Amino acid sequence: MTDYILEMHNITKRFPGVVALNDVSFKVKRGEIHALVGENGAGKSTLMKILNGVYQADEGKIVLNGKHTIIRNTTEAKAHGIGLVFQDLNLVNTLSVAENLYINRLAKRHGRIAWKTIFREAQDFIDSLGFNFLATEKIEHLSAAQKQLVEIAKVLALENELIVMDEPTSSLTTTESEILFNIIKNLKQKGVSIIYISHKLEEVFSLSDTTTIIRDGEVIDSGPTKTFSRDQIVEKMVGRSVTTEFPRKACESGELVLKVDNITRKGLVEDISFELHKGEILGFAGLIGSGRTEVAEAIFGAESYDSGVINIRGKKVAIHSTHQAKQEGIGLLTEDRKETGLVLAYNLIWNISITNIDKIKKKYFISEKKEAQLANELSKELNIKTPSLKQYAINLSGGNQQKVVFAKWLFSDVDILILDEPTRGIDVGAKYEIYLLMNRLAEQGKSIILISSELPEVIGMSDRLIVLSGGKKMGELNREEATPEAVMSLAVSN
Amino acid sequence: MKSNAIVSNKKKAVGFLREWGLILAIILITIVATIIRPAFLSWANMLNILRAYSTIGIASFGMAYAVIGGGMDLSIGSTISLTAVVTMLIVNGATVGTVTPASTALLVLLVGILIGATIGAINGAIIAAVNGKLAESFIITYAMQIVVGAVAQAIVKGHFQAAQYRAGLFKQFGIGFTPVIFMLTTAIIMQYVLVKTKYGRSLYFLGSSMGVAKMSGLKVKKIRFLTHVICGMCAGLAGVIVVARVGSASVLQGQNYELDALVCVAIGGTSLDGGNGSIMRTLLGVMVIGFMMTALNILGVQSNAQLIVRGAIIVLAVALDVLNKSMKLKEVAQ
């Protein structure tokens, strides 16, 4: 028995044109929580994909439990007891939670599936983890956060000795994250080792024993987490010093742009009213499932509302479709950029121009020249990092993809922007750029609604905050009143 | 590194086949057929092939729109049958002596396209109203196929209609270059609309992701409706031309057209998942099928064996598409 459950020695991985990992060594002790941090594209995922058998290292070796091990594919990784919780969900939407948990090994009785046993065991397991949903519920009826919890439960059910968690809290609220942290601490006590990948440094500090920092395919530093300061880690991650504070400055708000009165979607949101002014950033705070996105969908015409009145620039409008909302000057950056924000298989130009094809027409027909030129201007303005705008969206890092979604809505020339979790799953550097961009847009006279589950972000960036809980508006706070305590106490008050 | 080189060579080969495979296939078929039967490479034979496949071509272009938009239209077979029998009724009715007046020829062209547009509009309206998953267009248009087929049957009561004319503009529609010109004109217009208009671009987005299309503020329902109208219009036009070409009409006129069109679309490299494809490549797909089937005929291959070959081509086209996609994904993952 060695102290290390996993040793990855001198791993090098080359892809045509780039060295993704250069002589990386990475060791995980038995029973420790080992944080792996780095910007998007630093090589964390590649390293984990090698561990999981998705890729083969060009050089270097993997030692599992003191034994030199070759992992050729994901099945072998599973057989070696490596569990993975990925950011991307791998659930079957039309099946129940229990079926998803035990999908490969459904208990049988007399050759038939023993549903009763399965559902009972699944429910016990879910309850033991402290999650509050039913084993019989279909995945499609769960919220994004609950789906993530199922994904986690699925891996936990395998009782592995080594678990890799890649951004497990990216779609969880504070409450659910706390549940997860307790689970992780329990696992640690049972001797399970956990590789924890996260952009949220608070989590790294509160959870991990050891931290390894990767940048540009190389290990920059590795050591006990308590020996690092937050700023040190950030600096090592990005290779430069970065301010982590929020750049929002208080400002005079202009004329009333959007006035929403008593918007109600039966069973989802009830009597939500608020005002939005020119050049203002209005924050929507609340837990996941509190109705923030549901309000946004109604205003953007993506879903219909049962009652309520929307006034835009003093004119009453009934919004029936997303197209109409866009005509009225409303844009929505959805919380899921991969599903509803971008077509990943199309190039950036197409993705940017789709909101306003009329703008790239010459007489009646699309001018590709004009299209490329306008997209290029926006791309420069937003500092989108890509070798070419002909690149497919899928090849960009999360932060750059998010900038493309911004570009797409700036292209449409709307002046009310609803941003639903605009910094989810993107790295520190890109986050800061997005904050600066939000500031700049507000200065230019755009009005912004910011929906965010990250409390410091929504407090730090908003001029005014409304807090939702259980589909109802619990209160409205100005910049001075909006302390984390004040927001949280409203968010959990229903 | 060695395995990487193999992968990248394989990728290049697949990429090359995707890019030039269709033209390569047409050349290969021509070479083989010409070696065995030199008459294959004659002007008359080439024109024959083009003419014989002009109506499948026109129908395929409409189908390509539906498929690019992420749907399908299985009602085009019946639409062609209905248009064909109505066209023949009008033409025969208006024929004086043995000559069809030119105005009648233009009238049936209009009526045929209108019939197609109407059926497409009904398809489109139901699909837009349901606005569910894209696979639903399969069921809805299949139901339409049955209904329209019955309407055609009721109009002619199963009778075969033979042409009573010997000359006139309508006859011209079916002879010489005219059907080919109809096909090429349709192809050029539809390709241009696809790449140069807001509708065309929106169609691609709808086909690749309804979520993105909706959340980008596109008029999803309108696009779906319009697409089925256009697809119907193509079928209507094909129905008129096919009557002019063969000089008769029956309720079986359009039989299997929907499947033939789908095959041509698939062979043309349009993914049945939607979101990509082009009319020009669909045209090449039609030509591959046309050359292949004609070659098999000329070489005296039995019709059963021909069907086997046709089936094999479909599987090959789909396999190549899947292979290409997985290659693309690998490329992307790196």
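Predicted model, so just to flag it, every value in this text is computed and none were measured. Worth knowing before you read on, the calculation uses all heavy atoms, side chains too, and leaves out hydrogens, waters and symmetry mates. Throughout, a chain's letter reflects where its sequence line sits, starting with A, and its residues are numbered from 1.
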Separation between [atom1] of [X] and [atom2] of [Y], rounded to the nearest 0.5 Å:
X      : Y      : atom1 : atom2 : answer
B:K214 : A:F300 : NZ    : CZ    : 9.5 Å
A:Y364 : B:T197 : OH    : OG1   : 14.0 Å
A:I354 : B:S202 : CD1   : OG    : 4.5 Å
A:E339 : B:M210 : CD    : CE    : 13.0 Å

Is [X] close to chain B through its backbone or its side chain, or both, or neither, when contacts mean heavy atoms under 4.5 Å?
X      : result
A:L342 : backbone
A:A325 : neither
A:W350 : both
A:D336 : neither
A:S412 : neither
A:Q391 : neither

* Asked: Do we see a donor-acceptor contact under 3.5 Å between the side chains of B:K219 and A:S321?
  ->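 B:K219 vs A:S321: no donor-acceptor pair found between side chains.
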* **Smallest separation among heavy atoms of B:S216 and A:T355, with atom names** =>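 Closest approach of B:S216 to A:T355: O-CG2, 4.0 Å.
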* **Donor-acceptor under 3.5 Å (A:Y346 side chain, B:S208 main chain)** =>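 No.
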* Please confirm whether the backbone N or O of A:F365 pairs with a side-chain atom of B:K196, one donor and one acceptor, at under 3.5 Å? => no
* To do: Please indicate whether A:K138 has more than 12 foreign heavy atoms, meaning atoms of other residues, nucleotides or ligands, lying under 6.0 Å from its NZ.
  =>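 12 or below, so no.
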* **A:K390 atom NZ: more than 12 heavy-atom contacts under 6.0 Å** =>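 Not buried by this count: 12 neighbours or fewer within 6.0 Å.
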* Residue part contacting chain A, namely of B:Y192, when any heavy atom lies under 4.5 Å -> side chain
* So which of A:I366, A:T322, A:I360 has the largest heavy-atom pair count under 4.5 angstrom toward chain B? ->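 Option with the greatest count: A:I366.
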* To do: With a 4.5 Å cut-off on heavy-atom pairs, point out which of A:L344, A:L332, A:I330, A:D358 contacts chain B the most.
  =>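 Between A:L344, A:L332, A:I330, A:D358, the count favours A:D358.
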* Flag the one option from B:R201, B:K221, B:M215, B:K222 with the top tally of heavy-atom pairs under 4.5 Å to chain A. =>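 The answer is B:R201.
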